[in-house]
Amino acid sequence: MPLTTDADIHDLLAGARTIALVGASDRPNRPSYGVMAALQRHGYRVIPVNPQITGEHVHGEFVFRELAQLGDPIDIVDIFRNSAAAGEVVDQAIAAGAKAVWMQLGVINHDAAERAEAAGLKVVMDRCPAIELRRLGVPSVA
């Protein structure tokens, strides 16, 4: 079952250090651009993933094509894709050894969530980590 309690979501965010943001954008008017900046300001290492802008840089970070390229441990995969596309990202997150998947506001995929949980990942759906950080008062990552 996806995490829904404030305590569980707080603990997930407080324990994370590295977030892969799938669907990152280099356009300032896109929500993923602002969320990435907010997460970085909070102290997280945020690694952008987007095949359309691979090799570019967003907020100082190199943009990767897919999660399999990262090589670094991933605490949370933040999914800025539509609900149907989230399943493929979840499968990549499982293969990459991520600890959790976070589906953004409006992104709900119960089948993908079940696969993630069966593989031992924590799941959050239909929420924004930048909003939850403020709402829950999660301290900055040092």
Side-chain angles (χ1 to χ4, degrees), residues 1-4 7-142:
M1 170 167 291
L3 303 181
T4 57
D8 287 342
I9 292 169
H10 179 282
D11 290 349
L12 175 62
L13 290 168
R17 296 296 176 266
T18 303
I19 299 173
L21 199 149
V22 177
S25 178
D26 58 355
R27 294 183 288 181
N29 63 329
R30 303 293 298 190
S32 64
Y33 187 88
V35 168
M36 182 174 171
L39 293 172
Q40 285 179 318
R41 282 192 304 271
H42 209 78
Y44 296 105
R45 163 111 193 270
V46 185
I47 305 169
V49 177
N50 186 332
Q52 295 178 352
I53 57 171
T54 299
E56 303 287 328
H57 287 80
V58 176
H59 297 300
E61 289 282 348
F62 180 86
V63 180
F64 288 88
R65 182 174 34 87
E66 59 189 28
L67 291 172
Q69 294 181 303
L70 300 187
D72 293 330
I74 307 164
D75 295 314
I76 300 172
V77 174
D78 187 7
I79 304 172
F80 265 96
R81 300 285 316 275
N82 65 41
S83 296
E88 179 183 344
V89 178
V90 166
D91 293 338
Q92 291 176 16
I94 293 167
K99 296 176 184 171
V101 290
W102 188 299
M103 298 181 214
Q104 275 292 335
L105 290 170
V107 182
I108 299 169
N109 186 320
H110 294 286
D111 291 337
E114 288 176 12
R115 288 196 307 275
E117 290 171 334
L121 281 71
K122 294 180 180 178
V123 177
V124 177
M125 285 195 294
D126 195 25
R127 292 179 188 250
C128 176
I131 292 170
E132 297 300 317
L133 286 170
R134 288 188 308 270
R135 187 178 74 79
L136 299 172
V138 177
S140 292
V141 176

If you define the side chain from C-beta out and look only at heavy atoms, does anything of [X] sit under 4.5 Å from [Y]?
X	Y	value
Met36	Glu61	yes
Glu117	Lys122	no
Gln104	Val35	yes
Met103	Val124	no
Pro129	Ile19	no
Phe80	Val49	no
Phe64	Thr54	no
Leu70	Ile74	yes

Walk me through it: do Leu3 and Leu12 pass the test side-chain contact (heavy atoms from CB on, under 4.5 Å)? CA-CA 9 Å; Leu3 303 181; Leu12 175 62; 4.0 Å; yes
For the student: nearest non-hydrogen atoms of [X] and [Y], plus distance:
X	Y	result
Val46	Pro48	O-CD, 3.5 Å
Gly23	Arg81	CA-CD, 4.4 Å
Ala24	Asn50	O-ND2, 2.7 Å
Ala130	Leu39	N-CD2, 4.4 Å
Leu21	Ser32	CD2-CB, 3.9 Å
Asp26	Pro28	O-CD, 3.5 Å

To the nearest 0.5 Å, how far apart are [atom1] in [X] and [atom2] in [Y]?
X	Y	atom1	atom2	value
Leu133	Arg41	CG	CZ	11.0 Å
Asp126	Ser83	CG	OG	8.0 Å
Ile47	Leu67	CD1	CG	9.0 Å
Leu13	Asp11	CG	CG	9.5 Å
Arg115	His110	CZ	NE2	13.0 Å
Ile94	Gln92	CD1	CD	10.5 Å

Over 60° means perpendicular and under 30° means parallel, so classify the ring planes of Tyr33 and His59, tilted if in between. tilted
Anything under 30° is parallel, anything over 60° is perpendicular, the rest tilted; go ahead and classify Tyr44 against His42. parallel
Could you go through the side-chain contact (heavy atoms from CB on, under 4.5 Å) check for Val58 and Ser25 one step at a time? CA-CA 7 Å; Val58 176; Ser25 178; over 6 Å; no
Are more than 12 heavy atoms from other residues, nucleotides or ligands located less than 6.0 Å from atom [atom1] of [X]?
X	atom1	value
Arg17	CZ	yes
Arg45	CZ	yes
Glu88	CD	no

Between Asp75 and Lys99, is the closest basic N to carboxylate O distance under 4.0 Å? yes
So if I apply the side chain to side chain contact (heavy atoms under 4.5 Å, CB included) rule between Leu121 and each of Val90, Val77, Val101, Ile76, which one comes out positive? Val101
As a quick check of understanding, evaluate side-chain contact (heavy atoms from CB on, under 4.5 Å) for Arg127 and Arg135, giving each step before the final call. CA-CA 12 Å; Arg127 292 179 188 250; Arg135 187 178 74 79; 3.6 Å; yes
May I have the step-by-step check of side-chain contact (heavy atoms from CB on, under 4.5 Å) for Val22 and Trp102, ending in yes or no? CA-CA 10 Å; Val22 177; Trp102 188 299; over 6 Å; no
